[in-house]
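Just so you know, these numbers come straight off a predicted model, no measurement behind them.
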Amino acid sequence: MTRGQVRGRFAPSPTGLLHLGNAFTALVAWLQARQAGGVFVLRMEDIDPARSRSSYAEQVLADLRWLGIDWDEGPDVGGPYGPYRQSQRGDRYEAALARLQADGWLYPCYCSRAELAAIASAPHGLASEGPAYPGWCRHLSEAERARRAARKAPALRFALPGDDAVTFVDGIAGVQTFPPGAGGDFIVKRADGVVAYQLAVVVDDADMAITDVVRGWDLLDSTPRQLYLYQALGLRAPRFAHVPLLVNPDGSRLAKRDASITLAAMRASGIAPEAVVGWLARLAGWMDRPEPVRPVDLIGHMDLALLPREVIRIPDELLSWLRRCGGQA
Ligand code: GLU
């Protein structure tokens, strides 16, 4: 890697089809890397076997290419930091877990789903992550651990150091401060053996030498957890920028089942990718009108500072056009 070179990435989970909001995030991430003359990496986050489908993974890649987004490294093109599919990176995650374990950061958690569901409203829960875990299993005696281990396989939790607030400067959201212990001790490996997103994403971004994480606003709350992991693993954290979510005209979240907003439906109904990109550029504030453009035409025009904070309402006009064109909810 050239010193100082920007390395960006898009990291979709193949648990469904890409929709307009995912396309927006991908476009911003791609432009951020391309504008800096950097490298763009595509990583398939198929870590959860129960939720991931290889058919979605293929479709996601095809839809991004249709939109005009390319990548220098990825599951289908390879690259020096592969493999680029999380399902093939288990040994990396286990090595990181072993190191965290050896350094005393982890403890086994035997809490059941029902027990966790009963945490009504703990303080410092993170919006995207549910209520904070109150640390029930953190201080179990060895004897108690052995007793519970005989009945249930544990999850592994990361014990938050918890003394200091976490502060970082987000490239879009600005200065972010989370109180000490925000979100509570979090899971790094589930009881069923699946490595948690928080751990996998940190290991991967570090392994792939990512300098700039540009992703959806819904993951802003995950960033303090990831910063703790970078620190505990002795890794250098990247810069973060969280892209506002696209929402319906009434402010509600986009529904996954709304077929008309998927790229696959737009493509199938003959909509030109340039028309979609033009709309996204208009919503981002980079163009006055939604005129057809290719992603490559936007290099030089993209400005993170112009993005609104938090959410962008999709205009009625755009939704009704997409519905007229084909995909129906
Ligand atoms: N795989 C995550 C998603 O599809 C994104 C993770 C990230 O960008 O850090 O929502």
Side-chain angles (χ1 to χ4, degrees), residues 6-36 38-46 52 56-77 79 84-86 171-172 197 201 204-205 208 210-220 238-247 254 256 261-267 271-287 290 293-299 301-304 306-307 311-312 314 318 322:
V6 163
R7 289 178 56 87
R9 51 57 152 198
F10 184 59
S13 304
T15 55
L17 295 170
L18 290 183
H19 60 52
L20 204 59
N22 309 128
F24 185 55
T25 302
L27 179 66
V28 177
W30 183 87
L31 283 167
Q32 194 271 348
R34 291 290 179 241
Q35 210 157 281
V39 170
F40 195 60
V41 176
L42 197 293
R43 181 173 69 239
M44 196 51 72
E45 299 213 321
D46 56 355
S52 302
Y56 283 137
E58 275 167 41
Q59 181 80 42
V60 162
L61 299 185
D63 289 348
L64 288 170
R65 283 220 168 82
W66 169 78
L67 200 64
I69 286 176
D70 65 346
W71 44 95
D72 309 296
E73 300 169 26
D76 53 343
V77 295
Y84 295 91
R85 282 189 187 88
Q86 287 190 327
I172 297 170
Y197 157 72
V201 76
D204 290 347
D205 282 334
M208 295 176 188
I210 299 300
T211 60
D212 291 80
V213 169
V214 177
R215 61 184 176 194
W217 193 280
D218 50 339
L219 292 167
L220 186 60
R239 291 178 286 262
F240 291 93
H242 290 86
V243 179
L245 298 183
L246 300 193
V247 296
L254 298 181
K256 279 223 172 227
I261 56 162
T262 65
L263 296 190
M266 295 174 203
R267 197 173 155 196
I271 290 177
E274 295 82 2
V276 179
V277 175
W279 263 109
L280 294 176
R282 165 72 194 85
L283 294 179
W286 306 326
M287 293 198 329
V293 280
R294 297 168 304 165
V296 71
D297 301 323
L298 293 168
I299 296 176
H301 297 273
M302 196 288 279
D303 185 354
L304 291 183
L306 290 179
L307 288 176
V311 296
I312 298 177
I314 300 177
L318 171 54
L322 293 174

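In this structure, Val6 and Gln32 have side chains that are in contact, with non-hydrogen atoms separated by less than 4.5 Å. At a threshold of 4.5 Å between non-hydrogen side-chain atoms, the residues Leu254 and Ile314 count as touching. Using a 4.5 Å heavy-atom threshold, the side chains of Phe40 and Ile69 count as touching. Inter-residue side-chain proximity for Leu307 and Phe24 is flagged as met; some heavy-atom pair is nearer than 4.5 Å. Inter-residue side-chain proximity for Leu27 and Phe10 is flagged as unmet; no heavy-atom pair is nearer than 4.5 Å. Looking only at side-chain heavy atoms (C-beta outward), Leu17 and Leu263 stay at 4.5 Å or farther from each other. Under the 4.5 Å side-chain criterion, counting only non-hydrogen atoms from C-beta, Trp71 is in contact with Leu61.
To the nearest 0.5 Å, atoms CE (Met44) and OH (Tyr56) are separated by 13.0 Å. In this structure, CG on Leu283 lies 6.0 Å from CG on Leu246, to the nearest 0.5 angstrom. Going from atom CG of Leu64 over to atom CG of Asp70 covers 10.5 Å, rounded to the nearest 0.5 Å. Atoms CZ and CG, on Arg9 and Asp205 in that order, are 4.0 Å from each other to the nearest 0.5 Å.
The backbone N or O of Arg294 sits less than 3.5 Å from a side-chain atom of Asp297, completing a donor-acceptor pair. Side-chain N or O atoms of Asp212 include none that pairs as donor or acceptor with a backbone N or O of Arg239 at under 3.5 Å. Using a distance-only test at 3.5 Å, with no hydrogens or angles considered, a donor-acceptor pair links the side chain of Arg7 to the main chain of Met208. Under a 3.5 Å cut-off, the side chain of Asn22 and the backbone N or O of His19 do form a donor-acceptor pair. A distance-only check finds no donor-acceptor pair linking the side chain of Thr25 to the backbone of Arg215 [under 3.5 Å].
With respect to Asp72 and Arg34, a salt bridge is recorded, a charged nitrogen being found less than 4.0 Å from a carboxylate O. Arg65 and Asp76 are joined by a salt bridge, as a carboxylate oxygen and a charged side-chain nitrogen come within less than 4.0 angstrom of each other.
For the side chain to side chain contact (heavy atoms under 4.5 Å, CB included) criterion with Trp286, the lone passing option out of Val293, Leu280, Leu31 is Leu31.
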